[in-house]
Chemist: 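Take a look at this one; I'll ask things after.
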Amino acid sequence: MKNLMRTLTVFMITISGLYAQLPEPGFVIDGTTAIVITDPQNDFLSPDGVAWGAVGESVQENNTIENLETIFKLGEDYNIPVFVSPHYYYKHDHVWKFEGTLEKLMHNINMFDRGDQLNVKGFEGSGADWLPRYKKYINKDRVVVTSPHKVFGSESNDLALQLRKQGVDKVILAGMSGNLCAESHMRELVENGFEVAVVGDATASAKLPGLDGNQAAQTNYKMISSRVFTTKELVKELKMHDMK
């Protein structure tokens, strides 16, 4: 028993030491930097949204709604290009022959549903629509709304193309939900050669019995991205370097 406890103690000390020694690559915001926001939509961020029961606690703890609005404002104030990667499901998506766990849930609760890509009937105010407080930022020519991603990552939409066509090499990432779409976008962007920073408190994730998506997301942001900002840190960073 003593040997086991000694081994566990050494293991924990080693792990703690490794964490303390994780390198800080850093992230320099420059003219090749863009903001990418995933799924700023009612079904995630409105108390009336179909996913609120799962993500609402995390949204409130992180102050996600207000922090995302701050990031939209920063895009305008500092002339940083903003790209929104939305999540829509059309009727033909509901006849898929297989689904992952959360895909199946989203389809079962009609999350992000629209008629089809050319049909906006009933879209205004629906779960797939933008949270109302963000519309004044998104509905401007300076913001690019990409084609929808269909599962979690940006592999199935044109985000990478749109970024490359505007000469973007670096991405400041935020949005919903943290351990699904935001994290999957981070992974795909990194794999595609983009330098990625994440604004950790401008995301939120489902918290269910025995499952804490927010904790999982924050861990992976730290391990994969070049930097994890808080919203306040991002504001300070931009002011310090006078990016206007």
Chemist: Please find the pair of heavy atoms, one from Ala216 and one from Glu183, that lie closest to each other, and give the distance.
Modeler: O-OE1, 4.3 Å
Chemist: Please examine the side chains of Trp130 and Val84, heavy atoms only from C-beta on, and report whether any two atoms are closer than 4.5 Å.
Modeler: yes
Chemist: If I take atom OH from residue Tyr78 and atom CG from residue Leu238, how far apart are they, to the nearest 0.5 angstrom?
Modeler: 5.5 Å
Chemist: Salt bridge or not for Lys222 and Glu24, using N-O below 4.0 Å?
Modeler: yes
Chemist: Do side-chain atoms of Thr146 reach the backbone of Leu159 as a donor and acceptor pair under 3.5 angstrom?
Modeler: no
Chemist: Between Lys140 and Glu76, is the closest basic N to carboxylate O distance under 4.0 Å?
Modeler: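 Salt bridge: yes.
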Chemist: Are any of the side-chain heavy atoms of Ile71 and Ile172 separated by less than 4.5 Å?
Modeler: no
Chemist: I'd like to know if Arg187 and Glu191 make a salt bridge, using a cut-off of under 4.0 Å between side-chain N and carboxylate O.
Modeler: no
Chemist: With side chains defined as the heavy atoms from C-beta onward, is the minimum distance between Gln41 and Leu131 less than 4.5 Å?
Modeler: no
Chemist: If you look at every heavy atom in Ala182 and Gly178, which pair is closest and at what distance?
Modeler: CB-O, 3.7 Å
Chemist: Tell me the closest heavy-atom pair linking Arg114 and Ala128, and the distance in Å.
Modeler: CG-CB, 4.0 Å
Chemist: Take atom NZ in Lys236; do more than 12 heavy atoms of anything else shown fall under 6.0 Å from it?
Modeler: no
Chemist: If hydrophobic clusters are built by linking Ile, Leu, Val, Met, Phe, Trp and Tyr wherever their side-chain heavy atoms come under 4.5 Å apart, do Leu211 and Phe44 end up in the same one?
Modeler: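 No; tracing contacts between hydrophobic side chains, which count when under 4.5 Å, never links both residues.
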Chemist: Would you confirm whether Ser154, through its side chain, and Asn157, through its main-chain N or O, come within 3.5 Å as a donor-acceptor pair?
Modeler: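 Absent.
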Chemist: Between Ser225 and Val198, what is the shortest heavy-atom contact and its length?
Modeler: CB-CG2, 4.0 Å
Chemist: Could you tell me whether the side chains of Gln162 and Asp158 share a donor-acceptor contact shorter than 3.5 Å?
Modeler: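 Distance-only check passes for Gln162 and Asp158.
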Chemist: Under 3.5 Å, side chain of Glu195 to main-chain N/O of Ser226, donor-acceptor pair present?
Modeler: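 Looks like no, no N/O pair under 3.5 Å.
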Chemist: Hey, does the side chain of His87 reach the backbone of Pro40 with a donor-acceptor pair shorter than 3.5 angstrom?
Modeler: no
Chemist: Could you tell me whether a side-chain N or O of Asp201 sits under 3.5 Å from a main-chain N or O of Thr231, the two making a donor and an acceptor?
Modeler: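 Present.
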Chemist: Rounded to the nearest 0.5 Å, what's the gap from OG on Ser205 to CD on Gln215? Could you check?
Modeler: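 If we round to the nearest 0.5 Å, Ser205:OG and Gln215:CD are 11.0 Å apart.
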Chemist: Distance-only, no hydrogens or angles: does the Thr33 side chain make a donor-acceptor pair with backbone N or O of Ile29 under 3.5 Å?
Modeler: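 Checking the backbone N and O of Ile29 against the side chain of Thr33, no donor-acceptor pair under 3.5 Å is found.
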Chemist: Starting from the C-alpha separation in whole Å, work towards a yes-or-no answer on side chain to side chain contact (heavy atoms under 4.5 Å, CB included) for Leu234 and Thr70.
Modeler: CA-CA 10 Å; Leu234 181 59; Thr70 296; over 6 Å; no
Chemist: Do Leu180 and Val151 have side chains that get closer than 4.5 Å, going by heavy atoms?
Modeler: no
Chemist: Is the closest side-chain heavy-atom distance between Lys207 and Glu61 below 4.5 Å?
Modeler: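 Touching, per the 4.5 Å side-chain cut-off.
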Chemist: Thr38 versus Leu173: any side-chain heavy-atom pair under 4.5 Å?
Modeler: yes
Chemist: Could you tell me the separation between the NZ atom of Lys170 and the CG atom of Leu163, rounded to the nearest 0.5 Å?
Modeler: 14.0 Å
Chemist: Between Arg133 and Glu69 (salt bridge meaning N to carboxylate O under 4.0 Å), is one present in this structure?
Modeler: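 Salt bridge between Arg133 and Glu69, a charged N being under 4.0 Å from a carboxylate O: yes.
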Chemist: Set out, in order, the CA-CA distance, both residues' side-chain angles and the distance that settles side chain to side chain contact (heavy atoms under 4.5 Å, CB included) for Met176 and Thr203, then state yes or no.
Modeler: CA-CA 5 Å; Met176 295 294 291; Thr203 71; 5.6 Å; no
Chemist: Do Val144 and Gln166 come close enough that some side-chain heavy atom pair is under 4.5 Å?
Modeler: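 In contact.
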Chemist: For residues Asn214 and Ser58, determine if any side-chain heavy atom of one lies less than 4.5 Å from a side-chain heavy atom of the other.
Modeler: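 Asn214 reaches Ser58 side chain to side chain.
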Chemist: Calculate, to the nearest 0.5 Å, the distance between atoms CG and NZ belonging to Asp77 and Lys239 respectively.
Modeler: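 With rounding to 0.5 Å, CG (Asp77) is 10.0 Å from NZ (Lys239).
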Chemist: When the ring planes of Phe72 and Tyr137 are compared, do they come out parallel, tilted or perpendicular, using 30° and 60° as the limits?
Modeler: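 Phe72 and Tyr137: parallel rings.
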Chemist: What are the two closest heavy atoms between Ala204 and Thr64, and how far apart are they?
Modeler: CB-OG1, 3.4 Å
Chemist: When rounded to the nearest 0.5 angstrom, what is the spacing between NE2 in His185 and CD1 in Ile37?
Modeler: 11.5 Å
Chemist: Any link between Val28 and Val196 through a network of hydrophobic side chains (Ile, Leu, Val, Met, Phe, Trp, Tyr) touching at under 4.5 Å?
Modeler: no
Chemist: If you take all heavy atoms of Phe229 and Ala197, which pair is closest and at what distance?
Modeler: CE1-CB, 3.7 Å
Chemist: Ignoring hydrogens and angles, tell me if any N or O in the side chain of Ser184 forms a donor-acceptor pair with the backbone of Cys181 under 3.5 Å.
Modeler: no
Chemist: Verify side chain to side chain contact (heavy atoms under 4.5 Å, CB included) between Lys135 and Glu124, making sure each step is shown before the conclusion.
Modeler: CA-CA 11 Å; Lys135 289 186 177 182; Glu124 183 75 22; 2.7 Å; yes
Chemist: Would Val199 and Asn67 count as a side chain to side chain contact (heavy atoms under 4.5 Å, CB included) if you check the C-alpha gap in whole Å, the side-chain angles of each, and the deciding distance to 0.1 Å?
Modeler: CA-CA 9 Å; Val199 189; Asn67 289 337; 5.9 Å; no
Chemist: Among the clusters formed by ILVMFWY side chains lying less than 4.5 Å apart, do Leu208 and Trp52 turn up in the same one?
Modeler: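 No, Leu208 does not connect to Trp52 through the hydrophobic network.
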Chemist: Does either side chain, that of Ser85 or that of Asp39, offer a donor lying less than 3.5 Å from an acceptor on the other one?
Modeler: no
Chemist: Between the side chain of Asn63 and the main-chain N/O of Glu66, is any donor-acceptor distance below 3.5 Å?
Modeler: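 Looks like no, no N/O pair under 3.5 Å.
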Chemist: Test the Arg164-Phe194 pair against the cation-pi criterion, namely NZ or CZ under 6.0 angstrom from the six-membered ring centroid and within 45° of the ring axis.
Modeler: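 That pair qualifies as a cation-pi contact.
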Chemist: Tell me whether Asp169 contacts the main-chain N or O of Thr32 through its side chain, where contact means a donor paired with an acceptor under 3.5 Å.
Modeler: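 No, because the side chain of Asp169 does not come within donor-acceptor range (under 3.5 Å) of the backbone of Thr32.
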Chemist: So, the side chain of Lys150 versus the backbone of Tyr88: is there a donor-acceptor pair under 3.5 Å, distance only?
Modeler: yes
Chemist: Identify whether Leu161 and Val145 are in the same connected component of the hydrophobic contact network (ILVMFWY, side-chain heavy atoms under 4.5 Å).
Modeler: no
